[in-house]
There are 2 protein chains.
Amino acid sequence: MSTQPVPAEQVAALRRFNRYFTRRIGALEDHYLGQDRPLGEARLLFEIAERPGGVSLRELRSRLGLDAGYLSRMTKALEAQGLVRLSAHPDDNRLRMVEPTPAGRVEVTEQNRRADALAAGLLDALAPGRRAQLVEAMATAQRLLRLAAITVDLVDGASPDARACLDAYAAEIDARFPEGFDKSDLVGPAEVSGEAGAFFVAYEEGRPVGCGALRRLEPGVGEIRHVWVHPEARRLGLARRILAALEEAATARDCTVVRLDTHASLTEAQAMYRASGYTEIPAYVDHVYGDHWFEKQLPGPAV
Amino acid sequence: MSTQPVPAEQVAALRRFNRYFTRRIGALEDHYLGQDRPLGEARLLFEIAERPGGVSLRELRSRLGLDAGYLSRMTKALEAQGLVRLSAHPDDNRLRMVEPTPAGRVEVTEQNRRADALAAGLLDALAPGRRAQLVEAMATAQRLLRLAAITVDLVDGASPDARACLDAYAAEIDARFPEGFDKSDLVGPAEVSGEAGAFFVAYEEGRPVGCGALRRLEPGVGEIRHVWVHPEARRLGLARRILAALEEAATARDCTVVRLDTHASLTEAQAMYRASGYTEIPAYVDHVYGDHWFEKQLPGPAV
DNA sequence: CATGTTCTTTGACTTTAGTCAAAGAACATG
DNA sequence: CATGTTCTTTGACTAAAGTCAAAGAACATG
């Protein structure tokens, strides 16, 4: 974005909320307290208990950003208390796996119960209608904050993240449509690099959660393809952001119009395209999987 | 409230939001970091910088809940770094006053600038319309969370908190209406205790922020008086909660109807009474300051 | 199979955060 | 003005949190 600066009042509003929330309400999530356990140990135990199948120390280390020695000692302490069990990794004997014991699971469950009770106590003060309003406002805020925290980056079409997204896209279409999906229909890295096209990957907390490709159909005409959003990142409005990035890239590449095709059953996608200024047109190309075609006139390049 | 339990889904929603927010967004408010300063010192410096006129160590201690020795050492450290200045209290030589130096103020300002930049960076990723939506959702959430965190407690009408609220109420009316307000018109402690009546004070973080009184007009008929909310706690919906508490108390005291009077210029209050089931009636008593009268039928006592 | 890399453990630290009690100065009160 | 109280400082601790480097076992690779 960055076309015009964010109003100071909005910045202040976010910080105000932030301060209020972390100080007053965030304390609810201190289920860590209560049990007379150091915070570090409690946090670690929670992280371990979230994966009943076991985690490697290595993953814990990178997840929690802990020093190897520090982590080693803490897990040992938890083991001595009978809360976790350590074992060797089946395939790699350098790695050690940790999993919660029943006792460890009980402690975590108990803490969660207490945190739930605290949260319920807070909500209980509100009349049902207001409670519903609060829950809705929080859902909206979380949705928008997630969207804001996602970045849409131009990447090489051959990069692992790009390929991973395209694979997920292909697998999803393949599973969804009876006719299946042939991977050879995916764009190649050469088509979406440099002056010819572009490839964007959306990242949430370092993980790729969406993509979109732009390639040149003919001079002045771009084609948008493979707009995909990870199931867990849907309904945030991410597809629109990817679309906007692709259109901007098309404009920068002297396109005056972009086209795309989509499938009749994807009614949501069609609604989004229409809302974004696309109009339906006759078939411009004979893709196997599309049966509806759209195009949008782009504004001229910036003066 | 507590008439029926809070749905588990709403509890989960609050905790989900809480977790997401503190983990992902709350980090924004870690302006403490960046400067290579221990958290305790940074927190203390911020607290001191908020009061350019100076604070006593005593107040800081109670505000931050710190040990006297610990606080003494930390202020000394800040003084050694040239960030705060210590002096004696003009009236009481036991107390020591702390105030920020220009250097201390600069550091705090700089940290705030960084936190603003982080927040702006996050908001910048959203289109203006969505940003406005986010700000509104946060405002709604904060309003309702504040309301939820306020308790409405039955207290003795003679308690200092009760008298403080009544004084504020009287002062406000006195300032607001040309005819002034005569304190002798306030309810006496005896009228609002035991079987005769009730007095409620609303507390937010330990501070009284509202009140309301119930007294007996005649057998079966209660009168609600002095419903007041602190200016900083208005527009949260607190008056309705106080009203609900008073009505419940009236029901418990075998009242079948409650009455109240209000002033024509308080249009918001009148709207609230109507929305809460009150209907306008002719004057039932000759108070000096009221010119509109309302009553509400209460449900019979619980079976 | 030699060599470099990855992963964990261990020992030896440091800093932060916080507690407790004693002592002294200043004030408040009868 | 003696006595108790309040407030701050200081000394002497402790526990938690974290850092750094060395060492050894297991794996990966040419």
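Chain naming here is simple, since letters A, B, ... match the order of the sequence lines and numbering starts at 1 in each.
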Looking at C/dT15, which nucleotide sits across from it as a Watson-Crick or G-U wobble partner, both distances under 3.5 angstrom, or is there none?
D/dA16
Where do B/R15 and A/A119 come nearest, in terms of heavy atoms and distance?
CG-CB, 4.0 Å
Please determine whether a side-chain nitrogen or oxygen atom of B/N93 lies at a distance below 4.0 Å from atom OP1 or OP2 of C/dA25.
no
Classify the side-chain pair B/Q142/A/R16 by whether it contains a donor and acceptor separated by less than 3.5 Å.
no
Does a side-chain N-to-carboxylate-O contact under 4.0 Å join A/E205 and B/R23?
yes
Quick check on C/dT9: is either OP1 or OP2 less than 4.0 Å from any side-chain nitrogen or oxygen of A/R96?
yes
Can you measure B/L57 atom CG to D/dT6 atom P for me and round it to whole angstrom units?
17 Å
Any side-chain N or O of B/R94 less than 4.0 Å from the OP1 or OP2 oxygen of C/dA28?
no
In the strands shown, is C/dT6 matched to any nucleotide by a Watson-Crick or G-U wobble pair with both distances under 3.5 Å, and which?
D/dA25
Can you tell me the base-pairing partner of D/dG11? Count Watson-Crick or G-U wobble geometry only, both distances below 3.5 Å, and say none if there is no partner.
C/dC20
Of the nucleotides D/dG18, D/dT10, D/dA16, which one has an atom closest to the side chain of B/S72?
D/dT10
For the pair made of CG in B/L39 and P in D/dA17, what is the distance, rounded to whole Å?
13 Å
Whole Å only: how far is the CZ atom of A/R58 from the C1' atom of C/dT5?
12 Å
Reading DNA chain D from 5' onward, which residue's closest nucleotide shows up sooner: A/E41 or A/G69?
A/E41
Rounded to whole Å, CG of B/D67 lies from P of D/dT14 at a distance of 16 Å
Salt bridge A/E79-A/R85, side-chain N to carboxylate O under 4.0 Å
no
Could you state the CD-C1' distance from B/E79 to D/dT9, rounded to the nearest angstrom?
13 Å
Classify the side chain of A/R73 and the base of C/dG11 as holding, or not holding, a donor-acceptor pair under 3.5 Å.
yes
A/Y70 OH to D/dA21 C1', straight-line distance once rounded to whole Å:
19 Å
Pairing partner (Watson-Crick or G-U wobble, both distances under 3.5 angstrom) of D/dG30
C/dC1
Closest approach of B/L186 and B/H226, non-hydrogen atoms and distance?
CA-NE2, 3.5 Å
A/K76 NZ to C/dT9 C1', in whole Å, measures 7 Å
Provide, to the nearest angstrom, the distance between the CE atom belonging to A/M74 and the P atom belonging to D/dT19.
11 Å
